[in-house]
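First up is the structure itself, then whatever we jot down about it.
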2 protein chains.
Amino acid sequence: MPRNPDQGRAATLRWHTAAQVLATLRRVPGITRAALARELGLTSGLATEIVARLRDLRLLTEAPAPVVGRGRPTTVLRPHPEGPVVLALALRQEDWRAAVATVDGRLIEPRRRRHPSREPDAVLATLRRAVDRARDRYGHRLRAVSLAVAGAIYDDHLVQAATLGWGAVDLRAVARDTSLPLLLGNDATLAGVAEARAGAATTAGTALHLIVEVGVGGTLTIDGRPVTGAHGAAGEYGHLPFGDRALRCPCGARGCWDLAVDGRALARHLGEPPPVDALSYAWEVIRRATGAPHPGPDPDPRSGRRVPARDGGDPAARRAVDAVAAALGDGIAALVNLHDPDLVTLGGLGPALRRVAGPAFDDAYAAGLMSVHRAQPPPVVAAAFGDEGPLHGAAVLGLDHITGESALAEWAAHLRSAD
Amino acid sequence: MPRNPDQGRAATLRWHTAAQVLATLRRVPGITRAALARELGLTSGLATEIVARLRDLRLLTEAPAPVVGRGRPTTVLRPHPEGPVVLALALRQEDWRAAVATVDGRLIEPRRRRHPSREPDAVLATLRRAVDRARDRYGHRLRAVSLAVAGAIYDDHLVQAATLGWGAVDLRAVARDTSLPLLLGNDATLAGVAEARAGAATTAGTALHLIVEVGVGGTLTIDGRPVTGAHGAAGEYGHLPFGDRALRCPCGARGCWDLAVDGRALARHLGEPPPVDALSYAWEVIRRATGAPHPGPDPDPRSGRRVPARDGGDPAARRAVDAVAAALGDGIAALVNLHDPDLVTLGGLGPALRRVAGPAFDDAYAAGLMSVHRAQPPPVVAAAFGDEGPLHGAAVLGLDHITGESALAEWAAHLRSAD
DNA sequence: ACCTTATGCTCGTAGGACGAGCATATTAGG
DNA sequence: CCTAATATGCTCGTCCTACGAGCATAAGGT
């Protein structure tokens with residue numbers, strides 16, 4: 001039956017182990033060849049064959065590894081200087097980011113630009129220029145473009161981006177007429193993927209990632225893959241009715257959790273009018289609560305050092321932060337009861353709210369857990385990538401695509417035809 | 001490296017296609033050999049080889065298929081009369097069920113018994129006798145025991161079964177000293193698996209199953225596999241705080257959805273005292289609301305015929321049912337926003353509440369959906385298996401186990417050693 | 001009786017995985 | 001400085017799955 005060259009069991013299985021090797025290289029960048037063989041349980045003969053094949057395919061190169069003890073020295077596996085790359089893009093409210101990713105998952109040339117205009121056409125034209133620049137520089141090595149967007153995705157289309165003020169916008173213009181696949185993902189989803197693959201949740205099989213900015217977004221990941229639902233629209237944690245049913249959400253429903261945990265909630269607690277820019281307003285309230293000049297996002301979220309003084313700030317702001325942090329902890333507890341994750345990673349305002357709020361968050365979290373989770377509550381930790389999560393997640397999306405079994409077969413055919 | 005006989009790439013791949021064949025046989029019981037080859041894209045030579053191997057392994061037999069037109073007649077694939085089986089058990093509040101399942105997924109000898117006593121020891125001893133009986137009858141053909149239990153599972157242990165009045169009970173006694181694996185699953189989770197594999201959600205990639213009895217349980221399934229979380233404790237939909245925060249749940253939290261959608265909610269709306277048996281109380285209120293003698297669970301839920309008259313019942317009961325159905329529809333909408341499923345299947349009281357409530361459910365469901373889901377709202381349908389879901393799901397769990405690649409290798413070794 | 005159609009079987013070939021044996025490159029220790 | 005110990009890499013023969021082509025088989029249709 002399988003006359004089709006890239007179908008059937010044999011053609012798929014051919015690249016199976018090669019894809020595993022590349023996945024391992026991505027999980028442990030700079031892994032040695034010997035360690036890789038151990039990790040995957042490859043016999044040395046098979047390792048020889050597969051590495052040679054991947055070298056011939058310009059997917060990786062070997063460099064002498066630093067010697068550690070006795071025994072024949074091994075080599076470090078690195079992406080090939082003429083190997084395939086993807087362009088990762090992340091589109092947010094006030095700026096966009098771009099980076100080129102190699103098969104080991106490293107980002108090169110990360111850039112960040114503010115939108116000169118927020119008009120869809122202007123933004124898409126800018127992104128398109130980034131694609132063209134990458135094509136000029138990398139030529140046929142560029143194999144895919146992946147785009148993290150702060151908006152709602154449905155069946156691979158952007159249907160709404162509230163923070164950008166966009167409705168449905170056709171993003172395909174970013175890669176039109178390039179023959180490059182354009183891979184689309186929600187930014188909170190992709191940030192969760194980044195945490196699960198290379199960030200704070202690498203050891204977790206099931207992880208929940210939540211990001212608080214204007215409202216709450218996030219995703220559940222299972223073994224590094226996001227639970228995206230039938231149309232890619234899953235992850236609307238902010239519109240769960242965990243909040244006060246008297247409050248009406250712009251989404252049309254009542255009692256959305258969104259309204260209880262972001263800048264709008266802080267304003268309500270402070271008796272101030274609804275903020276125009278809920279995100280910077282929230283940072284400002286957090287600043288007032290600490291009395292510190294600028295509590296902003298951690299420059300390096302991996303270091304937990306900068307704990308601002310809890311005293312010295314504005315008591316009203318502190319009470320507002322406490323209330324919002326409690327609503328956050330309470331909701332997270334409900335989601336832990338629901339999903340039973342190994343770990344929860346928090347992004348956006350989350351870590352700062354928690355830090356400034358003192359015990360309010362932890363108390364609410366503990367109180368909301370069902371008894372089965374009390375003995376070993378899943379840790380709630382700050383996201384490792386911070387604001388860079390969506391870009392890293394987009395890179396993961398693109399690399400998953402180009403190192404999948406079918407894309408490897410394509411790349412091999414591409415090389416054969418180029419010679 | 002792989003000196004271990006049942007590890008490594010080759011040993012796993014060996015059974016890969018054979019496992020696919022058995023999975024297909026289970027998805028389409030009574031499939032013909034020719035249709036199977038088409039379905040999996042097997043060449044006729046490979047089909048010959050694999051079917052022959054599975055025949056030799058006593059996993060399936062072939063019988064002449066009814067002739068439909070021209071061409072050489074093909075055969076129907078059936079489980080082998082000496083092939084492996086699993087014993088599926090389902091443990092509920094007032095009764096337990098048992099059935100033996102063959103590799104094509106059919107249940108033979110389904111039985112149902114009431115608990116003579118609800119003491120854990122007595123119940124476990126009864127289940128153990130069912131295991132012994134199956135062992136007597138099937139001998140070495142019995143390869144696993146799977147158990148669906150109406151309680152909370154954590155790390156493969158039962159930590160609580162509220163409806164049975166049990167705390168943590170060690171269920172391993174059911175299969176102790178038999179060398180049979182005991183596979184454990186929550187009953188709502190397994191009912192969802194049954195719906196996704198062979199019930200109302202077979203065509204759905206992502207499906208949400210919810211069952212309303214005392215509270216709400218359920219599971220999300222992705223391609224037929226349940227999302228069970230890190231410890232198998234996921235699916236506590238009933239303890240999401242969708243309800244009135246003024247109400248305290250026995251779980252310790254406030255506002256649990258549970259309290260808004262079951263018999264306890266009906267009693268509150270009617271101003272009656274909290275019922276002792278919330279489930280039969282709920283059926284009784286539904287009966288009062290219809291005026292019909294007995295609205296009970298559908299005898300055949302696949303036929304949507306028995307729509308009771310909405311008029312003629314007790315108006316107060318109808319209003320209570322309306323309110324509860326609305327709370328159900330509202331919560332389901334929130335979960336659709338969250339998970340983006342293709343389909344929602346409803347079990348337990350759900351279908352009856354919805355049928356009796358008239359538009360209250362559908363209105364609340366529609367009103368709670370986010371706009372992205374409005375164009376094509378996921379259908380909410382009655383579960384196909386009704387009360388038999390957990391038993392069928394347990395059978396799926398067991399059959400997945402014995403038709404997995406490693407278990408097939410074991411079975412082959414077992415046969416070799418028995419000769 | 002033929003042809004048509006659908007299916008099943010045999011056999012030669014390709015290619016991945018495996019294991020054994022040998023080759024190689026380094027350190028540790030005398 | 002030489003040798004043993006150690007870790008790693010390569011080659012090759014074998015096994016097994018998958019594939020494709022050609023042929024065989026068993027029906028219906030004419």
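Residues A:A47 and A:G71 both approach DNA chain D. Their nearest nucleotides, taken by heavy-atom distance, put A:G71 toward the 5′ side. Nucleotides of DNA chain C nearest to A:I50 and B:L46 differ in position, and the one nearer the 5' end is that of B:L46.
A close approach under 4.0 Å does not occur between any side-chain nitrogen or oxygen of B:R14 and OP1 or OP2 of C:dA17. Side-chain nitrogen and oxygen atoms of B:T17 include none within less than 4.0 Å of the OP1 or OP2 phosphate oxygen of D:dT17. Contact annotation: A:R38 reaches the phosphate of D:dT8 (side-chain N/O to OP1 or OP2, under 4.0 Å). A close approach under 4.0 Å does occur between a side-chain nitrogen or oxygen of A:R33 and OP1 or OP2 of D:dG9. The side chain of B:R70 contributes no N or O atom lying less than 4.0 Å from OP1 or OP2 of C:dC3.
Nucleic acid contact for A:T74: sugar-phosphate only, since backbone atoms but no base atoms lie under 4.0 Å from a heavy atom of the residue. If you check every strand for non-hydrogen atoms under 4.0 Å, B:G69 touches sugar and phosphate atoms only.
Applying the 6.0 Å contact sphere to CZ of B:R225 captures no more than 12 heavy atoms from other residues, nucleotides or ligands.
In this structure, A:L42 atom CG and D:dT8 atom C1' are separated by 14 Å, rounded to whole Å. With rounding to whole Å, B:H16 atom NE2 is found 16 Å from C:dA17 atom C1'. In this structure, the CG atom of B:L13 is 12 Å from the C1' atom of C:dC18, given to the nearest Å. The nearest whole Å value for the distance from the CD atom in A:E49 to the P atom in C:dG15 is 11 Å. A straight line from CD of B:Q20 to P of D:dT17 spans 14 Å, rounded to a whole angstrom. Following rounding to the nearest Å, B:L408 (CG) and D:dT17 (P) show an atom-to-atom distance of 13 Å. Taking atom CZ of residue A:R53 and atom C1' of nucleotide D:dC10, one finds them 17 Å apart after rounding to whole Å.
Side chain of B:T48, nearest nucleotide from C:dT10, D:dT8, D:dA24: C:dT10. Each of C:dG19, C:dA25, D:dT17 was ranked by its minimum atom distance to the side chain of A:R72; first place goes to C:dA25. Closest to the side chain of B:S44, from the set D:dC19, C:dC9, C:dA17, is C:dC9. Of the candidate nucleotides C:dT7, C:dG16, C:dA25, C:dA25 has the atom lying nearest to any side-chain atom of A:P73.
Between the side chain of B:D104 and the backbone N or O of B:P29, no donor-acceptor pair lies under 3.5 Å.
For B:R141 and B:E82, the salt-bridge test fails: no basic side-chain N is under 4.0 Å from an acidic carboxylate O.
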Verdict with reasoning, B:D400 to B:R26, per salt bridge (Lys or Arg N to Asp or Glu O under 4.0 Å): CA-CA 10 Å; B:D400 281 356; B:R26 189 125 62 87; 2.7 Å; yes
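In this structure, B:R53 is positioned above the aromatic face of B:W15, its NZ or CZ under 6.0 Å from the six-membered ring centre and within 45° of the axis.
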